[in-house]
There are 2 protein chains.
Amino acid sequence: MSGLGQIFLEMKKKTSLSDIAKALDVSTTLVSLVLNGKAKEHRISQRMCEKVKAKAKELNYVPNHLARGLRTGKTNTLGLIVADIANPFFAKLSRAVEDEADKHGLKVIFGSSDENAEKSAELIRIFQDRQMDGIIVAAAEKTEDQIEELLETKTPVVLVDRYFPDLNVDLVAVDNYQASFNAVEHLVSQGHKRIGMIGIRGDIYHLQKREEGFRDGLKAHGLEENDDWIRFTSSWKEFSEISEQLEHILSSPERPTALFLAKNHLGVGALEYFQNKGIRVPEDMAIVSFDDSETFRLASTPVTAVEQPIEQLGREAVKLVVEKVKGKVENKEYREVFLQTQMLVRESSGPHED
Amino acid sequence: MSGLGQIFLEMKKKTSLSDIAKALDVSTTLVSLVLNGKAKEHRISQRMCEKVKAKAKELNYVPNHLARGLRTGKTNTLGLIVADIANPFFAKLSRAVEDEADKHGLKVIFGSSDENAEKSAELIRIFQDRQMDGIIVAAAEKTEDQIEELLETKTPVVLVDRYFPDLNVDLVAVDNYQASFNAVEHLVSQGHKRIGMIGIRGDIYHLQKREEGFRDGLKAHGLEENDDWIRFTSSWKEFSEISEQLEHILSSPERPTALFLAKNHLGVGALEYFQNKGIRVPEDMAIVSFDDSETFRLASTPVTAVEQPIEQLGREAVKLVVEKVKGKVENKEYREVFLQTQMLVRESSGPHED
DNA sequence: CTGAAAGCGCTTACAG
DNA sequence: CTGAAAGCGCTTACAG
């Protein structure tokens with residue numbers, strides 16, 4: 001038992017402002033002022049400042065963030081909700097957000113919504129009870145109501161990557177329509193005339209935009225929109241669903257010579273499927289996928305991909321939210337920022353010759 | 001100006017316990033008890049409970065985490081420091097930590113140390129002032145002192161993946177020595193006799209272990225340890241450094257027939273280099289890399305890789321820290337958990353015939 | 001130049 | 001069964 005006592009005595013206990021104040025026989029006001037760099041404006045003597053700072057260091061003082069936040073109503077923290085932190089796109093986005101926030105003296109708390117409205121609601125609640133100064137969200141499907149509610153709060157909100165067109169909210173996203181349109185144009189320029197696509201079913205706006213851009217791309221060139229070639233999977237990850245749709249496309253009469261994959265994992269899935277089946281890319285089937293990756297770069301046939309400006313997405317999102325946090329922009333005002341993508345042309349979209 | 005007033009009036013302001021108490025004309029004690037599920041043990045009437053809960057919902061009450069934390073000294077939050085959240089290994093690890101923490105009702109705050117001791121110190125300070133209940137760290141180089149200091153605190157700490165052998169601290173890591181040893185054995189079994197390696201210079205313990213396991217693997221089979229074949233890069237990411245070392249190895253007299261790459265990005269770099277130079281894998285050079293990835297699976301020659309049990313790493317780390325947070329394990333006690341890796345044999349380590 | 005005191009929103013020992 | 005009050009560690013308006 002006395003051994004136990006020993007153990008606790010060995011551990012440094014946290015130092016508070018008043019510990020410093022007592023040790024120096026001054027008020028906590030003074031200590032607080034000095035440690036917060038407000039000594040100058042309160043004309044506190046140089047000597048006192050040094051004494052306080054020295055003692056703070058000696059006692060290993062760390063300010064208590066909870067107490068400060070409770071008092072000031074500011075936490076200097078941003079909440080970020082992504083679909084899945086283990087998805088490279090969001091991992092990079094998170095990193096970009098973290099770096100940019102850092103420049104503004106803000107920390108970031110991440111959460112994965114898992115493409116799940118309930119988890120998203122839970123995260124929003126948590127971010128609210130932790131008094132985040134601002135919240136950045138890559139919105140999951142069916143969370144429009146949640147965002148709308150959040151907007152009635154005084155917490156600044158920015159949507160990134162995913163968004164809802166009818167909501168009056170700050171947002172930063174990629175021009176998905178144009179990106180898909182360009183992908184079609186590229187394939188057309190390579191001589192392809194029968195072009196298919198795999199997308200994701202559901203009412204996720206940015207994915208709808210990709211489909212729209214794709215279809216308009218076909219129309220612009222007078223090409224056929226064939227329902228046997230334009231297919232959708234319902235889930236986010238099931239490989240079996242991807243191969244099912246690929247089989248449908250491949251077995252359709254007069255199958256397409258090129259395919260547009262509307263999301264990175266669809267591109268990866270297609271690559272894997274073709275590899276397993278011995279289908280040659282691009283000779284048997286040319287492909288263009290959304291969202292570049294190391295895998296596409298180093299694949300047996302390097303894959304032509306639509307590269308998203310992930311860092312810029314993250315940076316802009318932070319900038320928008322910070323402007324509101326700092327009160328530079330009225331909370332009710334909203335801005336929409338759209339960024340252009342870039343097509344990285346590699347071998348997989350090689351030319352088609354009849 | 002009156003327009004401005006309007007705007008603020010429209011925004012819901014936060015509800016506190018006492019708002020509910022006032023609305024119901026009861027004490028905050030009562031409200032707190034009910035909302036924290038302690039109604040039963042205080043024998044508060046069923047009717048009262050329902051009234052309180054209804055009002056809380058009506059007023060959209062969200063508990064203030066800062067106030068609660070300040071009062072109780074608990075934040076129900078874990079801090080996690082990784083080298084880089086955009087690195088897939090750490091992204092997956094973070095996800096695993098997040099999921100496991102969730103099971104224990106804990107949230108996770110992430111931070112990237114960037115392999116940088118100063119950023120690491122900064123993060124530790126932040127996690128301390130935010131009163132994290134526990135801290136999980138994948139330690140960067142030269143942060144041994146920081147961890148040691150942190151251990152004198154009452155905050156439970158667990159190291160994951162990276163660690164310092166001399167510190168008495170909970171840790172969860174992979175058996176790096178054995179993994180590398182096995183990699184050599186595999187190459188030997190494929191007929192390779194001249195085997196090289198690329199590692200990272202510096203005193204990072206787990207990387208030293210990989211080198212040790214590699215060298216002992218060679219010794220165990222009576223193979224040559226040739227300094228022209230065993231090379232190191234200093235930085236973490238520079239492709240030029242990797243190609244420099246590869247060039248050295250390839251141009252050495254009697255060059256090796258197989259190569260062990262001690263980290264994922266070295267494997268990727270080697271792959272890229274060989275691809276650019278038209279060196280065939282495994283015919284001209286067989287390879288085994290640490291740390292599996294999608295890229296390795298789908299590469300032109302799929303790459304044999306040492307797969308780490310990332311999810312288990314994350315899960316175990318959380319379990320260890322939670323045991324201390326919940327007071328089930330004495331803080332000064334420490335446990336070391338080592339997990340086995342698995343070799344995923346693919347084409348890149350194909351047989352060597354003389 | 002410096003200090004006493006209030007208050008942020010909670011929880012909880014104590015009292016009845 | 002319910003309430004008054006203290007206190008967690010800060011910041012800041014006010015007073016001198």
Any strand: nucleotide that pairs with C:dG3 via Watson-Crick or wobble, under 3.5 Å
D:dC14
Would you say C:dC8 has OP1 or OP2 under 4.0 Å from some side-chain N or O of B:N64?
no
Regarding the side chain of B:T28, the nearest nucleotide among C:dC10, C:dT11, D:dT12 is C:dT11
Once you round it to whole Å, what is the distance between P of C:dG9 and NZ of B:K14?
10 Å
Nearest to the side chain of A:S16, which nucleotide is it out of C:dT2, C:dG3, D:dC10?
D:dC10
For DNA chain D, whose closest nucleotide is more 5', that of B:H42 or that of B:L70?
B:H42
I want to check one thing: is the phosphate of D:dT11, taken as OP1 and OP2, less than 4.0 Å away from some side-chain N or O of A:K38?
no
Specify the residue among B:R71 and A:T15 whose closest nucleotide of DNA chain D lies further upstream toward the 5′ end.
B:R71
C:dG9 C1' sits how many Å from B:L33 CG, rounded?
16 Å
Lys/Arg-Asp/Glu bridge criterion (N-O < 4.0 Å) met for A:E330, A:K324:
no
Determine whether B:V158 and B:V169 satisfy the following criterion, side-chain contact (heavy atoms from CB on, under 4.5 Å), listing intermediate values before the conclusion.
CA-CA 7 Å; B:V158 174; B:V169 53; over 6 Å; no
Using only modelled atom types and a 3.5 angstrom limit, is any donor from either the side chain of A:T29 or the base of D:dT12 paired with an acceptor on the other?
yes
Out of C:dT12, C:dC10, D:dT12, which nucleotide sits closest to the side chain of B:L17?
C:dC10
Send over the distance from B:L66 CG to D:dT11 P, rounded to a whole Å.
13 Å
In whole Å, what is the span from the CZ atom of B:R130 to the C1' atom of D:dG9?
16 Å
Atom-to-atom span, NE2 of B:H65 to P of D:dG9 - whole angstrom
16 Å
Select one nucleotide: of C:dT11, D:dT2, D:dC10, the one nearest the side-chain heavy atoms of B:L30.
D:dT2
In whole Å, I'd like the distance from the CG atom of A:L35 to the P atom of D:dG9.
16 Å
As a test of understanding, state which of B:V137, B:I124, B:I81, B:L151 forms a side chain to side chain contact (heavy atoms under 4.5 Å, CB included) with B:Q146.
B:I124
note: B:M48, atom CE; D:dG3, atom C1'; distance rounded to Å ~ 11 Å
According to a strict under-4.0 Å criterion, is A:R68 in side-chain N/O contact with OP1 or OP2 of D:dT11?
yes
For C:dT11, does either OP1 or OP2 sit under 4.0 Å from a side-chain N or O belonging to B:S32?
yes
With a 4.0 Å cut-off, would you call B:E115 and B:R162 a salt bridge?
yes
Would you name the heavy atoms of A:R130 and B:T75 that are closest together and state the gap between them?
NH2-O, 3.4 Å
Just how far, in rounded Å, is P of C:dG3 from CZ of A:R43?
16 Å
